[in-house]
There are 2 protein chains.
Amino acid sequence: MEKNYSNYDLDNLDVQILSILMEDASIPYTEIAKKLIVSGGTIHVRMKKMEELGIIRGSNLIINPQKVGFDITAFLGIYLEKGSQYSDAVEQLRQVKEVVELHYCTGQYSMFAKIICKDTSHLRKVLNEDIQGLKGIQRTETIISLEESIKRQITL
Amino acid sequence: MEKNYSNYDLDNLDVQILSILMEDASIPYTEIAKKLIVSGGTIHVRMKKMEELGIIRGSNLIINPQKVGFDITAFLGIYLEKGSQYSDAVEQLRQVKEVVELHYCTGQYSMFAKIICKDTSHLRKVLNEDIQGLKGIQRTETIISLEESIKRQITL
DNA sequence: GTTGAAAAGTGCTGCGA
DNA sequence: TCGCAGCACTTTTCAAC
């Protein structure tokens with residue numbers, strides 16, 4: 001399905017289509033077509049091309065975590081005992097459902113995670129029981145987000 | 001539009017609908033209905049209710065940043081000169097398009113940002129020219145992500 | 001590559017249980 | 001409150017430019 005172009009040149013039309021749908025994926029093709037003064041069929045062809053190229057990963061329904069009782073976002077700097085334990089640690093952290101992002105990174109931490117929990121006691125449980133005990137993890141540093149002021153995708 | 005229930009009890013059906021659409025918002029209601037053994041109309045009613053309650057924020061087209069030439073993800077710990085400059089700093093950072101997330105947080109940093117850039121020279125430009133010079137920002141620490149191993153939404 | 005329209009499928013609304 | 005059926009709208013396809 002996904003063709004092997006590492007970097008495809010998007011033209012202006014592609015970028016404008018993506019920009020619109022990145023903000024709201026439910027906007028109909030026909031409406032985009034009107035706005036960009038092309039036919040609906042063209043939007044469809046472009047989208048199909050970009051899907052095949054792997055530029056489009058899919059679409060997500062975005063929910064408000066706070067409304068469903070998930071109130072705490074935290075970042076976790078993770079120190080591994082040895083760098084070689086990285087892939088092991090990834091697999092273990094993948095089992096922890098509260099981990100929504102995990103990065104292998106430069107700087108003081110070996111890995112860096114973003115986790116979302118229901119409340120402080122849930123966070124404590126995840127840190128103490130689910131993460132601190134994992135094989136290869138030496139220690140962690142926690143940064144708690146009190147407010148998410150900006151949340152968006154890149155501007156093309 | 002949005003009713004003022006701070007926390008509404010979702011039943012099992014609501015949670016299952018959300019779980020499916022959070023992974024792929026393009027799945028038709030009729031298919032969800034078949035999977036959960038209810039009618040399409042019921043899915044529609046539940047979705048409308050959750051939209052009115054503000055549980056659903058919308059939907060995004062997810063693109064692969066690397067395929068469009070954005071190759072570097074970095075996290076930025078930001079030290080402010082005074083905590084009171086927070087809202088000022090938020091507004092300034094909102095103008096920097098490369099900043100995709102910004103948190104006000106506990107711990108050593110006053111604020112914590114996630115930024116996505118095209119390459120190392122783009123990152124350097126954003127750090128040196130767009131961010132370091134902003135009023136109220138004392139200094140920053142950069143963590144560069146070499147690999148994003150996990151990227152998902154919360155599991156309800 | 002793009003267009004325009006026809007065909008297929010989906011979302012929405014109202015009635016009935 | 002839920003399910004069913006008809007209508008409106010969208011996506012998809014395709015021949016022609």
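Computed from a predicted model, the values in this text were never measured in an experiment. The chains referred to below are lettered A, B, ... by the order of the sequence lines, with proteins before strands, and numbering in each begins at 1.
- Under the side chain to side chain contact (heavy atoms under 4.5 Å, CB included) criterion, A:Thr155 pairs with B:Lys97, sequence neighbours left out.
- Residue B:Lys118 places its NZ atom among 12 or fewer non-hydrogen atoms of other residues, nucleotides or ligands, all under 6.0 Å distant.
- With 3.5 Å as the limit, one finds no donor-acceptor pair spanning the side chains of A:Tyr109 and A:Thr140.
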Let me have a per-nucleotide readout for nucleotides 3-17 of chain C, 5' to 3', with B, S or -, counting only protein heavy atoms under 4.0 Å.
B------SSSB----
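- Taking atom CZ on A:Arg46 and atom P on C:dG1, their separation rounds to 7 Å, with Å as the unit.
- Rounding to whole angstrom units, CD1 of residue B:Ile43 and P of D:dG3 are separated by 9 Å.
- The six-membered or imidazole ring of B:Tyr79 lies away from that of B:Phe112, with a centre-to-centre distance of 6.0 Å or more.
- For the atom pair CD1 (B:Ile43) and CG (B:Leu36), the distance works out to 5.5 Å, reported to the nearest 0.5 Å.
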